[in-house]
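For reference, the structure discussed in these notes is given below.
Naming: A, B, ... by sequence-line order, numbering from 1 per chain.
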2 protein chains.
Amino acid sequence: MKADIQEPVAISNPDLEAAYQATKSALSQRRCLILLGDCRVEYQGRARSVLEPGERIVLVKADGAVLVHRPTGGEPVNWQPSGCVFRTTLSEGALVLEAVRRSPVESLVIHFTEVRVLVAAKLVDAGSFSLHVSEKELQMAVLSEPRLLLPDLKPIAYEKKVEPGFIDVYGLDSKNRLVVAELKRVRAGKAAVLQLARYVEEVRSSTPMEVRGILAAPKIARGTQRMLATLGLEFIPIDLEKCARFIVSGRDKKMVEFLK
Amino acid sequence: MKADIQEPVAISNPDLEAAYQATKSALSQRRCLILLGDCRVEYQGRARSVLEPGERIVLVKADGAVLVHRPTGGEPVNWQPSGCVFRTTLSEGALVLEAVRRSPVESLVIHFTEVRVLVAAKLVDAGSFSLHVSEKELQMAVLSEPRLLLPDLKPIAYEKKVEPGFIDVYGLDSKNRLVVAELKRVRAGKAAVLQLARYVEEVRSSTPMEVRGILAAPKIARGTQRMLATLGLEFIPIDLEKCARFIVSGRDKKMVEFLK
DNA sequence: GAGTGGATTTCGCAT
DNA sequence: ATGCGAAGTCCACTC
């Protein structure tokens, strides 16, 4: 039946010949393919690796991305980014799947000696994905509602370039002190403090104005509080929940772009 | 049959009740679980995300890691690291899989309205994984064969602690100049130059000896060459292929450990 | 448990 | 293309 080609295929314990045919069919039709079984994996490219035989889950996606997953751990042990070219062969009692890509040249070769489950399916996925309160969105929220950071903050610029890097938020407070703020959406650590310190030092050396260095984050790592004080910087805790209410959309982002 | 419990299970188009039972069974037995079907995903924790309905592949590993993969792209759209606690429910005509973890508190909720394929299997994977020519192995290769870096290098120490961090390779050349080398297995960028500069500055300030700062990498980023010259540092291109021939095994690593 | 640094990081954005 | 910084980074290792 022709319609079956579009239906998901799930085969338990196929022999290698059947797995080979199903794999070639799935790859040529750009369907997603899942192979579960005993395999050996070699990678050569930016680095080199060998994964000795064992049971893994191999996922080949519609765009040619490949993932080899062991039974544990969140990350694939081997992978290949999308856009691979495939070669499937049956040789010496093994199903060999080779995924090669250019730029950089790298190849992933998977030898299956046994396939326990094979799944092939054309997936339809048009659902939108939205991630909220990213660092960028936090920045936008603060720029559109500066009181989230300081009640009397007037932003002048954002991502202002200074020698060590970019100042997240740059502005003035009601006492005409320059405000140099570093925003972190997660707990601020030593690195954030040092980053801020470099910005503040640079700004202070370039103006006679008083400069406030502000580290704004949900919380601060233990022990870094003292470092902040030593460097004459301030920590301001921010409420991500509250900031989330002021996240600005793409269109509204343009409203603060003139600050740049 | 009891033996079947250990065999991989692959079910096509199960109704939600069957999928629910199989999912609970797989999770309680800590088997790997693959669900392919139409789902909606919500994440809340360090950030927040919503993934509207569509067909995806959900992978739950034996250690409680969760991956939600769309039909394309190498990375999961949503995930949860290992060590999650699960709750599976059937509610309002949907199979709901909730994965929660502490520290940080975050939850991933997957609502399946349709399961097209379910696979559950206990995977046995004892195969070793070895990645060659890692930064560590490059370091070991250079320590065991210093001429890979300089024809006249005599290593004194490695990972030598100085204030800014650890010096990859520390030694002397035939003219009794101190050598401070920073190794990179990929193209060296500005960061590597600055890192090396800090080490060299520190060493120079602590000795009257002449100090050579050497950045060793397959190649160097455009524009950083000049920075190197300005800072009085050297760039030495290294051949990873050649280094690979001198990669030392775990046992041999002990041979250079006295340098530490 | 938290802190540090590497990664076949990947990804996105600006140059 | 390249460079630079962020990431729900993840991950391993140290303290």
Side-chain angles (χ1 to χ4, degrees), chain A residues 41-49 51 65-68 72-82 99 101 103-108 129-139 159 161 164-166 168 182-192 194-195 218-224 240 260, chain B residues 41-49 51 65-68 73-83 101-108 129 131-139 159 161 164-166 168 183-192 194-195 219-224 240:
Chain A
V41 186
E42 287 173 34
Y43 160 79
Q44 183 155 0
R46 285 169 287 182
R48 256 179 249 220
S49 72
L51 175 62
V66 184
L67 302 165
V68 181
T72 61
E75 299 226 325
V77 58
N78 278 115
W79 69 93
Q80 195 69 294
S82 58
R101 79 160 177 153
S103 184
V105 173
E106 46 189 357
S107 83
L108 185 67
F129 176 73
S130 53
L131 179 67
H132 314 292
V133 204
S134 65
E135 189 140 331
K136 195 101 215 169
E137 289 176 304
L138 176 57
Q139 188 184 53
E159 288 183 9
K161 180 89 184 79
F166 296 86
D168 283 343
E182 175 69 22
L183 307 180
K184 284 287 160 195
R185 50 188 303 291
V186 290
R187 185 186 53 211
K190 195 188 292 184
L194 293 174
Q195 194 176 354
K219 57 178 186 168
I220 186 166
R222 260 189 325 99
T224 43
L240 282 186
K260 192 147 186 176
Chain B
V41 186
E42 286 173 35
Y43 161 78
Q44 184 155 0
R46 285 169 286 182
R48 256 179 246 220
S49 72
L51 176 61
V66 184
L67 302 166
V68 181
E75 300 225 325
V77 58
N78 278 114
W79 69 92
Q80 196 69 295
S82 59
R101 79 161 177 154
R102 313 291 185 204
S103 182
V105 174
E106 47 189 356
S107 83
L108 185 66
F129 175 73
L131 179 66
H132 313 292
V133 204
S134 64
E135 190 139 333
K136 191 110 229 161
E137 288 175 304
L138 176 57
Q139 187 185 52
E159 288 183 11
K161 179 88 184 82
F166 296 87
D168 282 341
L183 307 180
K184 284 287 159 193
R185 52 187 299 292
V186 291
R187 186 184 53 211
K190 196 188 291 185
L194 293 175
Q195 194 177 352
K219 56 177 185 169
I220 186 166
R222 257 192 328 100
T224 41
L240 284 184

Touch class at under 4.0 angstrom, heavy-atom based, for [X] against every strand present:
{"X": "Pro81(B)", "result": "base"}
{"X": "Gln80(B)", "result": "base"}
{"X": "Gly45(A)", "result": "nothing"}
{"X": "Ser103(B)", "result": "sugar-phosphate"}
{"X": "Val105(B)", "result": "nothing"}
{"X": "Arg187(B)", "result": "sugar-phosphate"}

* Interatomic distance at C1', dG8(D) relative to dA14(C), whole Å -> 24 Å

* Check whether any side-chain N or O of Gln139(B) sits under 3.5 Å from a backbone N or O of Leu183(B) as a donor-acceptor pair, and report yes or no. => no

* To do: Could you tell me whether the side chain of Asn78(B) reaches within less than 4.5 Å of the side chain of Phe129(A), counting heavy atoms only?
  =>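 Counting from C-beta outward, Phe129(A) and Asn78(B) do come under 4.5 Å.
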
To the nearest 0.5 Å, what is the distance between [atom1] on [X] and [atom2] on [Y]?
{"X": "Glu42(B)", "Y": "Arg48(B)", "atom1": "CD", "atom2": "CZ", "result": "11.0 Å"}
{"X": "Lys184(A)", "Y": "Asp168(A)", "atom1": "NZ", "atom2": "CG", "result": "7.0 Å"}
{"X": "Tyr43(A)", "Y": "Leu51(A)", "atom1": "OH", "atom2": "CG", "result": "14.5 Å"}
{"X": "Leu108(A)", "Y": "Gln44(A)", "atom1": "CG", "atom2": "CD", "result": "11.5 Å"}

Length of the line joining [X]:[atom1] and [N]:[atom2], which is rounded to integer Å:
{"X": "Glu137(A)", "N": "dC13(C)", "atom1": "CD", "atom2": "C1'", "result": "15 Å"}
{"X": "Glu75(A)", "N": "dG8(D)", "atom1": "CD", "atom2": "P", "result": "13 Å"}
{"X": "Leu194(A)", "N": "dT4(C)", "atom1": "CG", "atom2": "C1'", "result": "13 Å"}
{"X": "Asn78(A)", "N": "dT9(C)", "atom1": "CG", "atom2": "P", "result": "13 Å"}
{"X": "Leu183(A)", "N": "dA7(D)", "atom1": "CG", "atom2": "C1'", "result": "16 Å"}
{"X": "Leu131(A)", "N": "dT9(D)", "atom1": "CG", "atom2": "C1'", "result": "12 Å"}
{"X": "Trp79(B)", "N": "dA7(D)", "atom1": "CH2", "atom2": "P", "result": "11 Å"}
{"X": "Glu106(A)", "N": "dT10(C)", "atom1": "CD", "atom2": "C1'", "result": "13 Å"}

* By nearest nucleotide on DNA chain D, pick out whichever of Ser82(B) and Ala47(B) is the more 5' one. => Ala47(B)

Sequence neighbours left out, what passes salt bridge (Lys or Arg N to Asp or Glu O under 4.0 Å) with [X]? Give chain and number order.
{"X": "Arg185(A)", "answer": "none"}
{"X": "Arg101(A)", "answer": "Glu106(A)"}
{"X": "Glu75(B)", "answer": "none"}

* For dC10(D), take OP1 and OP2 only and decide whether either is under 4.0 Å from a side-chain N or O of Arg46(B). =>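 For dC10(D), OP1/OP2 do have a side-chain N/O of Arg46(B) under 4.0 Å.
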
Between the protein and nucleotides 4-6 of chain D, which nitrogen or oxygen pairs come in under 3.5 angstrom?
from, atom 1, to, atom 2, distance (Å)
dC4(D), OP1, Lys190(B), NZ, 2.9

* Asked: More 5' along DNA chain C: Gly74(B) or Ser49(A), using each one's nearest nucleotide?
  ->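 Result of the comparison: Ser49(A).
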
Set out, line by line, the N/O atom pairs under 3.5 Å between protein and nucleotides 13-15 of chain D.
none

* **With sequence neighbours excluded, residues passing side chain to side chain contact (heavy atoms under 4.5 Å, CB included) with Ser134(A)** => Lys136(A), Glu137(A)

